[in-house]
Chemist: 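I have a structure here, written as structure tokens, and I will follow up with some questions on it.
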Amino acid sequence: MVVTDFDIIIAGAGPAGLAVAKEVAKELGKGHRILVIDPKLKPETTAAWYSYADRIKANGLGSCVLHRCKSLMYVAMDLTHEMKDLLVVLDANKVLGLWQRQAKSCGVQFVQDTLRDAEQIAYGVSVKTAKSSYTARLLIDCTGITSPLLKKYNLVSHVNTWVLYGGVITHITIKDPSRIYFLPLNDTHNTYIGIYPHSAHKADFYVFYNLNESIGNPTDLKPLFESSFKSHYPHARIAAPLFGRIAGGELNAYALDNMVFFGQSGMMDPPGCGMGFNEILLHHQAFARNIALCLKNNQLDAYALDAVATSFRDPAIFQFQQIIAKYTYYFIFSPTKWRGGVAWLNSLGKDSRHWMRNEFSISWIKQASLKLYNTIPLSEVIQLMPPKDYAYIIEHFLKFVGNAVVEESERIEKTYKKGLIGQ
Ligand SMILES: Cc1cc2nc3c(=O)[nH]c(=O)nc-3n(C[C@H](O)[C@H](O)[C@H](O)COP(=O)(O)OP(=O)(O)OC[C@H]3O[C@@H](n4cnc5c(N)ncnc54)[C@H](O)[C@@H]3O)c2cc1C
């Protein structure tokens, strides 16, 4: 038998790569050979993360919490929506540092290098990097949306991107630091501002907009960020930059023979709400457990790996988030901008938080779809949508709304009959 250099090579030491590295090393136990490749010397991100107190506790990340909040505030024109939840703002680099230490303590090796190419060979995968080349039984690609393999194998079917630019700002006073804020700029592109407080005097502050079938360039937003943070907080200073992309969509394949995609390169960011770090948190343990099983059973073909990569991709949840992402056209181009979105959140009341958590049942989706339809009818949205997206919306949205209308009419009928019997 030919012996490969490594059992697993993980490309990318962002949250996806590190979370999988520490977990899969634990699953495989002593004797595994795992290598993580990243061009950065130590893991660092230019993203900012808020998450949920329950998820952070379940993942043992309490020491990485900078600040706790009680709600997300959405503002658009004359409307506001307060989405109540137990939220935490994280020190993202502390999370990465902790995960790297955990991975190293389980024997994972790290090298400062850049993945350039990979292809299947008879006994595994051949991996080419900027400085070297390796063989492994399995490559897990966690390099994000700019992955060279997504490009080489033409795997992106469609993509919807939130492009973000901002900074950690100090010398400010936030009136109510117990809330995370999403505020509209009401400009032509309908850019939004996100503010995650660290305290009353420090916050992550970034501007972001949505692009369809493009991944954009975060630095294009730099001038807008500079003017908007100055207008909100004239005396603010920038302590560190924040920028990046949150890309969601679909791949033509989530795995190839001896290669699998996880995190943003696996399109795990829900396109509607974009909470990609949170998805990694929710799914990395199951992913690592199943990958370890594939490795032990030597089932490393595209079919087996695809089953692992898509096992937590609930089609109904994805389709619903995709519908919300497509309604974005309406929010960008309609004269009332994001007002309809905030009106929809208000119609959901305290149940709205399930949307941002990307955690909901089919009956929730049906009710939320019906409320969306009642707030902003499909007939209006479709007028502002690129023709190629009609079919998707019609097929998936009507499925949820159609069922919800039937269920609602049955419920009304029952109530009505009960009323008649009571007379
Ligand atoms: C400003 C901002 C705010 C955000 N807010 C939130 C939030 O509040 N909550 C939330 O859940 N999500 C949030 N996100 C999204 C979240 O950051 C992403 O979903 C998450 O970072 C995706 O993780 P990843 O590891 O898949 O990819 P990435 O974070 O993109 O990491 C990819 C890693 O791969 C490395 N790499 C790249 N190319 C190569 C290569 N060729 N070879 C080797 N290594 C390579 C990179 O150096 C990097 O370390 C935010 C993002 C931004 C930018």
Side-chain angles (χ1 to χ4, degrees), residues 9-21 35-52 55-56 66 69 72 87-90 92-93 95-96 99-100 110-118 127-132 139-152 161-168 180-182 192-196 203-209 215-216 218-219 221 225 240-248 261-271 273-284 287 356-358:
I9 292 179
I10 298 173
L18 291 173
V20 169
L35 177 71
V36 177
I37 297 173
D38 195 290
K40 287 183 293 215
L41 187 58
K42 65 174 191 161
E44 262 176 353
T45 180
T46 54
W49 302 328
Y50 90 75
S51 185
Y52 300 93
R55 293 185 189 170
I56 290 307
L66 287 171
C69 292
L72 294 159
L87 309 157
V88 294
V89 177
L90 292 166
N93 287 326
V95 173
L96 297 180
W99 282 349
Q100 188 188 40
F110 284 78
V111 66
Q112 192 185 1
D113 206 344
T114 305
L115 172 74
R116 292 269 191 256
D117 192 9
V127 176
K128 303 252 180 310
T129 63
K131 296 180 187 167
S132 189
L139 171 69
I140 307 179
D141 183 341
C142 299
T143 59
I145 195 60
T146 55
S147 157
L149 302 184
L150 291 181
K151 196 171 173 196
K152 174 182 175 179
T161 315
W162 297 100
V163 187
L164 310 92
Y165 195 94
V168 181
I180 284 173
Y181 296 86
F182 293 110
Y192 247 72
I193 296 173
I195 307 174
Y196 304 174
D204 300 323
F205 184 115
Y206 61 85
V207 293
F208 62 108
Y209 62 39
I215 61 167
T219 50
L221 280 164
F225 158 65
L242 292 173
F243 56 89
R245 304 171 173 99
I246 308 182
F261 298 87
F262 186 76
Q264 197 162 93
S265 34
M267 288 284 189
M268 279 172 60
D269 294 5
C273 68
M275 293 285 106
F277 168 76
N278 276 290
E279 288 302 292
I280 291 165
L281 215 48
L282 280 179
H283 301 299
H284 72 281
F287 177 81
M356 278 306 274
R357 282 177 161 259
N358 200 35

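Note that the numbering runs from 1 along the sequence shown for the chain. Counting convention: from 1, in listed order, for ligands and their atoms alike.
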Chemist: Can you confirm, on distance only, whether ligand 1 has an N/O atom lying under 3.5 Å from any N/O atom belonging to Thr146?
Modeler: no

Chemist: Are the side chain of Lys40 and the backbone N or O of Ala13 linked by a donor-acceptor pair below 3.5 Å?
Modeler: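 A pair under 3.5 Å: no.
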
Chemist: To check your reading of the model: name the closest protein heavy atom to atom 26 (O) of ligand 1, its residue, and the distance in Å.
Modeler: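 For atom 26 (O) of ligand 1, the nearest protein heavy atom is Gln264 N, 2.7 Å.
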
Chemist: Touching ligand 1 at all, Tyr165? Heavy atoms, strictly under 4.0 Å?
Modeler: no

Chemist: Looking only at distances, can you tell me whether any N or O atom of Trp49, backbone or side chain, sits closer than 3.5 Å to an N or O atom of ligand 1?
Modeler: yes

Chemist: Under 4.0 Å from any heavy atom of Ala13, which atoms of ligand 1 are there?
Modeler: 49 (O)

Chemist: Give the atoms of ligand 1, by number and element, whose distance to some non-hydrogen atom of Gly276 is under 4.0 Å.
Modeler: 10 (C), 11 (O), 12 (N), 19 (O)

Chemist: Which heavy-atom pair separates Gly266 from Phe261 by the least distance, and what is that distance?
Modeler: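 It is CA-CB, 3.7 Å.
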
Chemist: With a 4.0 Å heavy-atom cut-off (strictly under), which part of Asp269 contacts ligand 1: side chain, backbone, both or neither?
Modeler: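 Answer for Asp269: side chain.
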
Chemist: Is it true that Glu44 and Asn93 share a donor-acceptor pair across their side chains at a distance under 3.5 Å?
Modeler: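 Note: Asn93 and Glu44 side chains miss the donor-acceptor criterion.
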
Chemist: Near Phe243, which atoms of ligand 1 are under 4.0 Å from a heavy atom of that residue?
Modeler: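 Numbered from 1, ligand 1 contributes 53 (C).
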
Chemist: Could you list the atoms of ligand 1 found under 4.0 angstrom from a heavy atom of Lys40?
Modeler: 47 (O), 48 (C), 49 (O)

Chemist: Counting non-hydrogen protein atoms only, what is the nearest one to atom 33 (C) of ligand 1? Give residue, atom name and distance.
Modeler: Gly14 N, 3.6 Å

Chemist: Roughly how far, to the nearest 0.5 Å, is OH of Tyr52 from SG of Cys69?
Modeler: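 Rounded to the nearest 0.5 Å, the SG-OH separation comes out at 11.5 Å.
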
Chemist: Regarding ligand 1, does Pro148 bring an N or O atom to under 3.5 Å of one of the ligand's N or O atoms?
Modeler: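 For ligand 1, there is no N or O atom that lies under 3.5 Å from one belonging to Pro148.
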
Chemist: If I apply the N/O under 3.5 Å rule, does Pro39 come out as touching ligand 1?
Modeler: no

Chemist: Can you name the one residue among Tyr181, Tyr50, Phe205, Trp49 that meets ring-ring contact (aromatic ring centres under 6.0 Å, His included) with Tyr196?
Modeler: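 With Tyr196 as partner, Tyr181, Tyr50, Phe205, Trp49 yield a single ring-ring contact (aromatic ring centres under 6.0 Å, His included), made by Tyr50.
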
Chemist: In the protein, what heavy atom is nearest to atom 28 (P) of ligand 1, and what distance, to one decimal place, separates them?
Modeler: Pro15 CD, 4.5 Å

Chemist: Which of the numbered atoms in ligand 1 are under 4.0 angstrom from any heavy atom belonging to Phe277?
Modeler: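 Contacts of ligand 1 toward Phe277, numbered from 1: 10 (C), 11 (O), 12 (N), 16 (C), 19 (O).
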
Chemist: What protein heavy atom sits nearest atom 5 (N) of ligand 1, and how far off is it?
Modeler: Ala48 O, 2.5 Å

Chemist: Taking the side chain from Arg245 and the backbone from Val163, do they hold a donor-acceptor pair closer than 3.5 Å?
Modeler: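 No, Arg245 side chain to Val163 backbone: no donor-acceptor pair under 3.5 Å.
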
Chemist: Over all heavy atoms of both residues, which pair between Leu90 and Leu66 is shortest? Give the atoms and the distance, please.
Modeler: O-CD1, 3.5 Å

Chemist: Is a side-chain donor or acceptor of His283 paired with a backbone partner of Ile280 at a separation under 3.5 angstrom?
Modeler: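 A pair under 3.5 Å: no.
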
Chemist: Does Tyr196 reach ligand 1, in the sense of a heavy atom lying below 4.0 Å from it?
Modeler: yes

Chemist: Tell me whether Lys152 at atom NZ has more than 12 heavy atoms from other residues, nucleotides or ligands lying less than 6.0 Å away.
Modeler: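 Yes, because the 6.0 Å sphere around NZ of Lys152 holds more than 12 heavy atoms from other groups.
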
Chemist: Atoms of ligand 1 less than 4.0 Å from Gly263 heavy atoms?
Modeler: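 Answer for ligand 1: 26 (O).
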
Chemist: Who's the nearest protein heavy-atom neighbour of atom 1 (C) of ligand 1, and how far?
Modeler: Leu164 CD2, 3.7 Å

Chemist: Does Ile280 have a non-hydrogen atom less than 4.0 Å from ligand 1?
Modeler: yes

Chemist: Side chain or backbone, does Tyr206 bring an N or O within less than 3.5 Å of an N or O on ligand 1?
Modeler: no

Chemist: Would the Tyr206 and Phe243 ring centres measure less than 6.0 Å apart?
Modeler: no

Chemist: Taking atom types as modelled, find out whether Asn358 and Glu279 have a side-chain donor-acceptor pair closer than 3.5 angstrom.
Modeler: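 Distance-only check passes for Asn358 and Glu279.
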
Chemist: Among all protein non-hydrogen atoms, which one is nearest to atom 35 (C) of ligand 1, and what is the separation to 0.1 Å?
Modeler: Asp38 OD2, 3.0 Å

Chemist: Can you name the closest pair of heavy atoms from Ile10 and Gly17 and give their distance?
Modeler: CG2-CA, 3.7 Å

Chemist: If you measure every N or O of Asp113 against every N or O of ligand 1, does any of those distances drop under 3.5 Å?
Modeler: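 Looking only at distances, the answer is no, because the N/O contact criterion of under 3.5 Å is not met.
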
Chemist: Geometry only, no angles: is Tyr50 polar-contacting ligand 1 at N/O separations under 3.5 Å?
Modeler: yes

Chemist: How close does the nearest protein non-hydrogen atom get to atom 37 (C) of ligand 1, and which residue and atom is it?
Modeler: Thr143 O, 3.4 Å

Chemist: Would one find an N or O of Gly244, backbone or side chain, under 3.5 Å from an N or O of ligand 1?
Modeler: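 N/O-N/O distance below 3.5 Å does not exist for this pair.
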
Chemist: Among all protein heavy atoms, pick out the one at the shortest distance from atom 14 (N) of ligand 1; state its residue, atom name and that distance to 0.1 Å.
Modeler: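 Sorting protein heavy atoms by distance from atom 14 (N) of ligand 1 puts Ile246 CD1, 3.6 Å first.
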
Chemist: List the atom of Asp113, the atom of Ala130, and the distance in Å for their closest heavy-atom pair.
Modeler: OD1-N, 3.2 Å

Chemist: Nearest 0.5 Å, please: how far is CD1 in Ile37 from SG in Cys142?
Modeler: 11.5 Å

Chemist: Which heavy atom of Phe262 sits nearest a heavy atom of Ala16, and at what distance?
Modeler: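 Minimum heavy-atom separation between Phe262 and Ala16: CD2-CB, 3.8 Å.
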
Chemist: Pro15 and side-chain contact (heavy atoms from CB on, under 4.5 Å): which single residue from Val20, Leu96, Val95, Thr45 fits?
Modeler: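 Per the side-chain contact (heavy atoms from CB on, under 4.5 Å) rule, the option paired with Pro15 is Leu96, out of Val20, Leu96, Val95, Thr45.
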
Chemist: What do you reckon, does Thr114 put a non-hydrogen atom under 4.0 Å from ligand 1?
Modeler: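 Thr114 counts as a contact of ligand 1 under the 4.0 Å cut-off.
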
Chemist: So which heavy atom on Gly12 is nearest to which on Thr143, and how close?
Modeler: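 Gly12 and Thr143 have their closest heavy atoms at N-CG2, 4.1 Å.
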
Chemist: Enumerate the atoms of ligand 1 whose separation from the nearest heavy atom of Ile37 is less than 4.0 angstrom.
Modeler: 43 (C), 44 (N)

Chemist: What part of Cys142, side chain from CB on, backbone N/CA/C/O, both or neither, has a heavy atom under 4.0 Å from ligand 1?
Modeler: backbone

